[in-house]
Each structure stands twice: as C-alpha cells, then as structure tokens.
Visitor: 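This structure is in structure tokens; I'll ask about it shortly.
In the text below, chain A, chain B and the rest are named by the order of the sequence lines, each starting its count at 1. Values below: every heavy atom of this structure, side chains too, minus hydrogens, waters and symmetry copies.
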Amino acid sequence: MDTFAADLLDWFYTHRADLPWRRERDPYHVWLSEVMLQQTQVGTVVGYYERFLARFPTLAALAAAPLGDVLKVWEGLGYYSRARNLHRAAQIVVAEYDGELPRTAAELQRLPGIGRYTAGAVASIAFGQNVPVLDGNVIRVLTRLYNIEEDISQQGTRRRLWALAESLVPADRAGDYNEALMELGRLICRPRRPQCDRCPLRQHCQAYREGLQEQRPVRRRRPRTPHYDVAAGVIYGTGSNASRILIAQRPVDGVLGGLWEFPGGKQEAGETLPETLARELEEELGIMVEVGEPVVRVKHAFTHFRITLHAYECRHTGGRPVKRGVADFAWVTLAEMANYAFGKADRQIIAALLERPRQLL
DNA sequence: AACACGGGGCA
DNA sequence: TGCCCAGTGTT
C-alpha cells in the first residue's frame, strides 16, 4: 500500500486536463481558481474564471474595484460570501503585504475566505510548500484507498483524515501531488460509479479489494429540507418613476447578501400571496402597492430549504421607499437591471419580463 | 460543534 | 424531478 504517490503522479502527468489556471502558476490565478472551485465544479468555473480575470487582471485591480462590480462578475456562481471575502482579502494583501500573497499556508489562512483547504492548495501549488489539501475529492479517494468506515461528517473523522493526508504528502512536488489527488477524485474516483478499471491506484485500494468502493465515504444522511412559498413584487412606479421598476438590495449578511432582488418575502400561515406581498413591502420598504397579475413562478433550491418564488406585477400607490429591511433600493428600467447582480431565481423573473412584449399594467 | 451559505449534476 | 455534492465563517 505504501507509496501510491508515484503511480498517481505518473497518471497525472499523462492525463492532466488543460485548465486555464494551469497554464501558469501565478499565485493570484491559483488563489482565484481555488476559491471559485469551492463547492463548484470545474466545468462551471472555467467561464467565470476567464471573465473574472478579464475584468480584474491583477490582484491590485481587484482590490481597487467596487464590491458591486465583483458581485456582478460573480453573479450566478453562488456562495456570494466567497466574492466578498476575496475582495476584502485582496485589499488586505495590498495594504499589509505590499500586494504580494503570503507564501505560507499559515499566513494565507489568516486572510478572509481562506481556510485550511485553500491555504494548502495555494501554498503547495503556487509556492511549492509541502502541505496537504483535503477537499471532497481527496476525502473520497482516501476513504476508498484505506477503506475508512467512519462517518466523514464527524469532526473527529475529519481531523484524522487531515492527519492522514498530511502524512502522505511526498517530500517534493506537493503541488502536483495535491492536484493529482483531486483530479483523480474528479475524473476516476467519482462519487457514483467510480471508474476503477481505469484507476492507476487500483492495486493500492482497500475498498476496491473488498468491493466496497461505492459504499465509501460513509456519510450521515441529511434531513429533508423544508419548502417555503415566497412572494416577490415587480413594482412599477408612477410619475417620475413611470416605466421604472423598484428593486432592493439585500442586507450584506445572510442569504444572497449584497445581491439585488425583487422585494417581497416568505408567505405566513393563513395568508394569500398578494397579502404576503403587501405586508412584506410595507415592512421592508414602507410602501403601499396594488398587487396585480402573476408574472412567473420559479422553483429554487438552497442548502437548507427550497422555495417557490411567485412574482406578481404591482403598482406603487403610496409611500416613498425607506431602507428598513433592505441595504438599498433603486428605480430602474428593465434594461438597466443588467448592471445589477441578482441571484439565479430573480434572474429568471427578469428573463420572464424580457420575454413579454410589454407590461400588462 | 452545529449551522448557514447557492447552484449544478445526475439518475 | 428528487437527491447528492461540499469549504469557510459565524455563533
């Protein structure tokens, strides 16, 4: 079982995928790619990565940009705190590290948005430090190689896996080794139907030997997520705001923090959706509306709950908006909405509005 | 230690 | 369509 590292590296050097962040080893590029790859698959990341670097070519350019611009490029990628932390960390690097990313995992981990995984990845890949990484791919490969039966959602199991990963990092080429381990997990040692017949580590794999590879890793089952109905208003203004629509910016902490939305909220027991909408708009923005026709219904899944978002056309009938439950608000045309960052669900409302020849109200 | 945080892939 | 996936920060 000893040294699978040599077999792994041989495989990697012949099968290594050509990805944009692998063309050079610029620390800023490695960092950006690793942050984007958190919780997000390679195929999704590539386009975002290229657009992001085209817009913010250097760490200094990122640090100098307004957060709204960063969120706009991040729009649709999810987990928007990653973008906020990346932006804040870039500003810290410029202010406190003379614009150069620190070179050790320990120093990197002090920056916002950089935990043990990202610190290990950047330190080993960009700076050649001899440190491990442990992400979902590595966990899967290691629990199969060593046929680990412990529940990986347990803290103690994670700690032991980190220790195991650390003990396995080869004395040189840690960056290549770490990338190879994750690449193997992504392409061969996949969650379902692993491609063991193509795996360079088959001879080293204890779970394969027992035919248990598909039973690893062991994970506690998650409880079902609840479902909510949410009402959202497409609120048309009057007078000087005629043909403009009211949008609101969400508070920076919490779900979709800092993103823009069609204001509204969660339906409560015994309420019709138009009643929900009227109540929420009064609570959050202090405005009165006449609720009109439904525009579209959008289903969306978050980690801990699912929502059905019901969009209604509304007419603003009274009260100047105030920032009560929102970070900001704006009256904008449909075309101007392209300049604001929205979540996926609200983007679908915009798409529905764009498909219609004209507003009904 | 437990929970919050988006969106995509796959059967 | 329902289920699975998963780093970091906060509390």
Side-chain angles (χ1 to χ4, degrees), chain A residues 31-48 71 73-89 92 105 108-123 131-143 151-159 161-162 165 178 182 185-187 189-195 214-228 230 250-261 297-309 341-348:
Chain A
W31 175 34
L32 175 65
S33 68
E34 291 301 338
V35 171
M36 285 189 165
L37 287 163
Q38 292 168 12
Q39 322 291 332
T40 312
Q41 300 190 356
V42 168
T44 307
V45 165
V46 171
Y48 279 93
L71 285 174
V73 179
W74 206 272
E75 182 183 57
L77 198 54
Y79 285 97
Y80 299 92
S81 64
R82 292 184 296 174
R84 296 195 300 272
N85 285 329
L86 188 73
H87 183 239
R88 196 151 57 92
I92 293 170
L108 285 163
Q109 209 175 328
R110 298 173 55 184
L111 294 167
I114 301 188
R116 189 169 179 187
Y117 165 75
T118 307
V122 174
V131 290
V133 294
L134 189 73
D135 70 346
N137 291 309
V138 177
I139 288 173
R140 196 164 55 249
V141 173
L142 293 183
T143 54
D151 175 1
I152 62 159
S153 52
Q154 297 291 312
Q155 182 80 4
T157 310
R158 296 294 180 121
R159 198 176 53 245
L161 282 167
W162 269 108
N178 284 336
M182 293 189 279
R186 182 169 72 87
L187 299 175
C189 198
R190 308 190 303 206
R192 284 176 290 267
R193 295 189 305 164
Q195 311 287 290
E214 300 219 43
Q215 321 301 321
R216 303 288 175 267
V218 173
R219 188 195 324 271
R220 174 175 43 82
R221 266 190 64 78
R222 228 184 303 234
R224 275 187 105 78
T225 55
H227 174 269
Y228 304 112
V230 176
R250 303 177 58 92
V252 283
D253 13 297
V255 187
L256 304 169
L259 270 69
W260 291 79
E261 68 174 1
R297 229 177 52 186
V298 177
K299 287 180 184 296
H300 195 71
F302 295 84
T303 315
H304 294 89
F305 56 96
R306 296 166 296 124
I307 63 165
T308 303
L309 185 60
F342 289 82
K344 279 275 184 179
D346 282 60
R347 270 284 154 215
Q348 288 183 249

Visitor: Check the phosphate of dG7(C) against Q39(A), side-chain N and O only, distance under 4.0 Å to OP1 or OP2. Yes or no?
Guide: no

Visitor: Using side-chain contact (heavy atoms from CB on, under 4.5 Å), reason through V42(A) and L37(A) one step at a time and then give a plain yes or no.
Guide: CA-CA 7 Å; V42(A) 168; L37(A) 287 163; 3.8 Å; yes

Visitor: Please measure how far the C1' atom in dA6(C) lies from the corresponding atom in dA2(B), and state the result in whole Å.
Guide: 16 Å

Visitor: With a 4.0 Å cut-off on heavy atoms, is D253(A) in touch with a base, just the backbone sugar-phosphate, or nothing at all?
Guide: nothing

Visitor: Would you indicate what R116(A) reaches in the nucleic acid, counting non-hydrogen atoms under 4.0 angstrom: base, sugar-phosphate, or nothing?
Guide: sugar-phosphate

Visitor: May I ask you to say what Y79(A) touches in the nucleic acid, namely base, sugar-phosphate or nothing, with a heavy-atom cut-off under 4.0 Å?
Guide: base

Visitor: At under 4.0 Å between heavy atoms, what does L256(A) touch on the DNA or RNA strands: base, sugar-phosphate, or nothing?
Guide: sugar-phosphate

Visitor: Ignoring backbone atoms, establish whether K299(A) has a side-chain N or O less than 4.0 Å from OP1 or OP2 of dG2(C).
Guide: no

Visitor: Could you give the distance separating dG9(B) and dT8(C) at their P atoms, to the nearest angstrom?
Guide: 22 Å

Visitor: Quick one: on DNA chain C, does P217(A) or P112(A) contact a more 5' nucleotide (nearest heavy atom)?
Guide: P217(A)

Visitor: Look at all strands and tell whether I114(A) reaches a base, only sugar-phosphate, or nothing, counting heavy atoms closer than 4.0 Å.
Guide: sugar-phosphate

Visitor: At under 4.0 Å, does any side-chain N or O of H300(A) touch on OP1 or OP2 of dG6(B)?
Guide: no

Visitor: Can you work out whether L77(A) or S153(A) has the more 5'-proximal nearest nucleotide on DNA chain B?
Guide: S153(A)

Visitor: Please check: side-chain N/O of R306(A) versus main-chain N/O of Y228(A), any donor-acceptor pairing under 3.5 Å?
Guide: no

Visitor: Would you say a side-chain N or O of R140(A) is under 4.0 Å from OP1 or OP2 of dA6(C)?
Guide: yes

Visitor: C1' atom, dC10(B) versus dG7(C): distance in rounded Å?
Guide: 22 Å

Visitor: Among dC5(C), dG7(B), dA1(B), which nucleotide sits nearest the side chain of P191(A)?
Guide: dC5(C)

Visitor: When the distance from CD of Q109(A) to P of dG7(C) is rounded to whole Å, what number comes out?
Guide: 14 Å

Visitor: If we ignore hydrogens and angles and just use 3.5 Å, is the side chain of R140(A) paired with the main-chain N or O of C189(A) as donor and acceptor?
Guide: yes

Visitor: Taking the six-membered ring for Trp, are H300(A) and F302(A) parallel (under 30°), tilted (30 to 60°) or perpendicular (over 60°)?
Guide: perpendicular

Visitor: For nucleotides 9-11 of chain B, give me every protein contact, N/O to N/O, under 3.5 Å, one pair per line with atom names.
Guide:
from	atom 1	to	atom 2	distance (Å)
dA11(B)	OP1	R193(A)	NH2	2.7

